[in-house]
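All of these numbers come straight from a predicted model, not from anything done at the bench. In what follows, chains carry the letters A, B, and so on, assigned in the order in which the sequence lines appear, proteins first and then strands, with residues in each chain numbered from 1.
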Amino acid sequence: MRWYFRAIGPKKIFEFVALVVFVIFFMGPLLNLAILAFTGKWNYPDLLPSVWSLKWWTFVFQQQDIAKSIGLSFVIAALVTGISIVLCIPAAYAFARIRFPLSRFFLFSFLLTHAFPKMGLYVSIAVLFYKFGLMNTLAGVILIHIINVLMFMTWIPTSAFRNVHTAQEESARDVGASPFRVFRSITLPMALPGILVASIFTFLNSLDEAQGTFLVGIPDFKTMPIVMYSIISDYPAYAGAVFSIILTAPSIILLVAAQRFVSADVLASGFQIK
Amino acid sequence: MSKSFKRGILGISMVLPSFLVLVLIVVIPIISSLRESLKNDNGGYDLSNYTYLFTDKLMRSNIIFTLEITIVSSILVLLISYSLAVYMRFNNGFAVRWIRRTYMIPIFIPSVIATYGLIQLLGNHGWMARILYHLGTDSFPRIIFDMKGIILANLWFNIPFTTMLLGSALSGVPDAVIESAKDVGAGRMRIFFRLILPLTFKTLLVALTFVFMGVIGSFTAPFLIGPNAPQMLGVSMEQIFSVFQDRQLAAATAFFTFLLCSFVGYFYIRSMIKEESVRSS
């Protein structure tokens, strides 16, 4: 055995151990949920379930509030994504292409959304919402969701627009294209991957947002993560695992679909100016 | 009207809507919560809410508990992420390729789900306990509903994101620079401390800010896997606000977490602004 380890070298062994630790730590919890969701019976200390079944799936879909929360979550996430695109994309274009006074001040002001610990900020907002009657309203929930996305929804497209070479826009202008035409057929298509990644990230962020909604949306706006809080304490683990898969599925599907565009560099540009 | 003036107006009007939202949901709440936190029971203004924070025994143990978890988590996350990112930058083996392909997945997993998965995996009679049982160990340490659980959850949430930030910074270190340093005979350690670390130091600071603030302001993980007492400040704030309905005290606690973070936040904002001014000059 020892000659074998020596033959493949300490570096390979180290890498293999690192991979195993990595997979167990990060994928273990998810794999465990995936198994639980299809479990019929699983006694301690068996390694794997003794009976597999789909009964918890029908159980979950029969619960009224669960089905309702799925619809509500998607409506809110779509609204948040739409509103933040309308708000942030023009701003991103302005930061990248137009010279205007105080532009640096405005660009950095978005740091404020990430310069305070989240729960502290949410409580401060809730104190204010309470005064203006925005607690337990759709507008309040949407505003709370927008805080998290405002910065990267502006910064990722800003860096995407900045990466479009002005030479290309200028040569299009030279052959007689109108400014709008240039934006539509040159600038926008080239910046689209960045905008797409930012939008997907926004959509998923809103779909997953739990703590802010928990504070200002209770009792009428029970999105999926909020329902998950009560499922964890009130339902058997199998039902929780099924619901976890339903809640995770949109992330996985969108991530696989946009795999080509999602890279560390694009995402990182949403959290720091490089 | 001159052309540049018109463009200036255009630029500002494109930025203004999102800036106003920012003022509405961040600036005004923070100012009003400061005011709220200074109110006392008789309608006057004083520091009574803050003195309560530091004199109440439970609150004080919550603050210490939160700081302990935050500092331990930040150090662990930065150490692990930085070594992982450096290793991935300069190696290209089979395992590295797989880690590179999958390490960003946890960023997109809802935090409630990840926490639930960790509870199922590491809880009493969870999967891990079962696996260890078959390997011959009968005793399993208490991880869930304990400080260890919260720290593990913090590692789960923060390592992928931090590795992503640092990985992107490290890929910005040009190979040519490292090659030429090797050519003049610099050793590995020297290259790391004289070249790689200084070139990525700023991103390390950004990462520290995100981890530190993320952990201090976290709610989901401590709410679901933390002990009943002491609690992390995020959980205790939510209780003060929703259960005890004491808005003044909740605002004071929130403002106190801002003060705790203002130090790291200051360095983050300053380094960002410095960078941008280098670019525009």
Most heavy-atom pairs under 4.5 angstrom with chain A, which of B/I28, B/L22, B/V26? B/L22
Interface residue of largest heavy-atom contact number with chain B, from A/K131, A/K118, A/M228, under 4.5 Å: A/M228
Any side-chain heavy-atom pair from B/I109 and A/I252 closer than 4.5 angstrom? yes
Smallest separation among heavy atoms of B/P110 and A/D208, with atom names: CG-OD1, 3.4 Å
Minimum side-chain heavy-atom gap A/L215-B/F219 below 4.5 Å: no
For B/L155, which atoms come within 4.5 Å of any heavy atom of chain A: side chain, backbone, both, or neither? both
Does any heavy atom of chain A fall under 4.5 Å from the side chain of B/L233, the backbone, both, or neither of them? neither
When the 4.5 angstrom heavy-atom criterion is applied to A/I147 and chain B, the contacting part is both
Can you say whether B/V215 sits under 4.5 Å from chain A via the side chain, the backbone, both, or neither, judging by heavy atoms? neither
Taking all heavy atoms of B/N91 and all of A/E15, pick out the closest pair and write down the distance. CB-OE2, 4.1 Å
Check each atom of B/F161 against the heavy atoms of chain A and say whether the ones under 4.5 Å are side chain, backbone, both or neither. side chain
Would you give the length of the straight line joining atom OG of B/S32 to atom OH of A/Y130, rounded to the nearest 0.5 angstrom? 14.5 Å
Taking every non-hydrogen atom, the tightest pair across A/F116 and B/M213: N-SD, 3.8 Å
Roughly how far, to the nearest 0.5 Å, is the CZ atom of A/R97 from the CG atom of B/L10? 14.0 Å
Using side chain to side chain contact (heavy atoms under 4.5 Å, CB included) as the criterion, point out the one residue from B/T203, B/L165, B/T209 that pairs with A/F271. B/L165
Between B/G117 and A/P29, which heavy-atom pair has the shortest distance, and what is it? C-CB, 3.5 Å
Can you say whether A/L36 sits under 4.5 Å from chain B via the side chain, the backbone, both, or neither, judging by heavy atoms? side chain
Contacting region of B/M164 [heavy-atom separation from chain A under 4.5 Å]: both
Set out, in order, the CA-CA distance, both residues' side-chain angles and the distance that settles side chain to side chain contact (heavy atoms under 4.5 Å, CB included) for A/M119 and B/F241, then state yes or no. CA-CA 11 Å; A/M119 205 57 194; B/F241 185 85; over 6 Å; no
From the list A/S103, A/P225, A/G28, A/A91, the residue making the most non-hydrogen contacts under 4.5 Å with chain B is A/A91
Measure across B/M14 and A/Y93 and return the closest heavy-atom pair with its distance rounded to 0.1 Å. CE-CD2, 3.8 Å
Working for side chain to side chain contact (heavy atoms under 4.5 Å, CB included), residues B/W127 and A/I35: CA-CA 10 Å; B/W127 207 22; A/I35 294 175; 3.6 Å; yes
Is A/F261 atom CZ crowded by more than 12 heavy atoms from other residues, nucleotides or ligands, each under 6.0 Å away? yes
Which answer fits A/M151, side chain, backbone, both or neither, if we ask what part of it has an atom under 4.5 Å from a heavy atom of chain B? side chain
What option among B/I25, B/T257, B/V112 has the most heavy-atom pairs under 4.5 Å with chain A? B/I25
Counting only heavy atoms closer than 4.5 Å, note whether B/Y87 contacts chain A via side chain, backbone, both or neither. side chain
Name the region of A/L204, side chain, backbone, both or neither, that has any atom closer than 4.5 Å to a heavy atom of chain B. side chain
Is B/Q120 in contact with chain A via its backbone, its side chain, both, or neither, using a 4.5 Å heavy-atom distance? both
Heavy-atom distance under 4.5 Å to chain A: side chain of B/F108, backbone, both or neither? both
Distance col, row A/S244:OG vs B/I113:CD1, nearest 0.5 angstrom, shows 3.5 Å
Does the pair A/F243 and B/Y116 meet the rule for a ring-ring contact (aromatic ring centres under 6.0 Å, His included), with working shown? CA-CA 11 Å; A/F243 193 62; B/Y116 190 54; 9.8 Å; no
Checking heavy atoms, do the side chain of B/T102, its backbone, both or neither come under 4.5 Å from chain A? both
In terms of heavy-atom proximity below 4.5 Å to chain A, should B/S242 be classed as side chain, backbone, both, or neither? side chain
For the interface with chain A, which of B/I131, B/L224, B/I216 has the highest count of heavy-atom pairs at distances below 4.5 Å? B/L224
Which one wins on heavy-atom pair count under 4.5 Å against chain B: A/V23, A/I232, A/T248? A/I232
Quick one, A/V123 with B/T253, criterion side chain to side chain contact (heavy atoms under 4.5 Å, CB included). Give me CA distance, side-chain angles, the key distance, then yes/no. CA-CA 9 Å; A/V123 166; B/T253 323; over 6 Å; no
Verdict with supporting geometry, A/L47 and B/Y133, side chain to side chain contact (heavy atoms under 4.5 Å, CB included): CA-CA 9 Å; A/L47 266 184; B/Y133 178 88; over 6 Å; no
For residues A/F22 and B/Y103, determine if any side-chain heavy atom of one lies less than 4.5 Å from a side-chain heavy atom of the other. yes
Measure the shortest side-chain to side-chain distance between B/S18 and A/F110 over non-hydrogen atoms and say whether it is less than 4.5 angstrom. yes
Look at the rings of B/F223 and A/F214 and say which category their plane angle falls in: under 30° parallel, 30 to 60° tilted, over 60° perpendicular. tilted
In terms of the angle between their ring planes, are B/F210 and A/H114 parallel, tilted or perpendicular, with boundaries placed at 30° and 60°? perpendicular
Among A/Y122, A/F129, A/F201, which residue has the highest count of heavy-atom pairs closer than 4.5 Å to chain B? A/F201
For chain B, find which of A/A34, A/G240, A/S263 contributes the most heavy-atom pairs closer than 4.5 angstrom. A/G240
Interatomic spacing from CG in A/L30 to CD1 in B/I105 - rounded to 0.5 Å: 8.5 Å
Answer with side chain, backbone, both or neither: which region of B/P17 has an atom nearer than 4.5 Å to a non-hydrogen atom of chain A? both
Would you mind checking which part of B/V206 comes under 4.5 Å of any heavy atom in chain A, side chain (CB onward), backbone (N, CA, C, O), both or neither? side chain
Taking every heavy atom of B/F258 against every heavy atom of A/P117, the minimum-distance pair comes out as CD2-CD, 3.6 Å
Interface check, chain B: of A/I98, A/L87, A/L128, A/N32, most non-hydrogen pairs under 4.5 Å belong to A/N32
Side chain / backbone / both / neither for A/F14 at chain B, heavy atoms under 4.5 Å: side chain
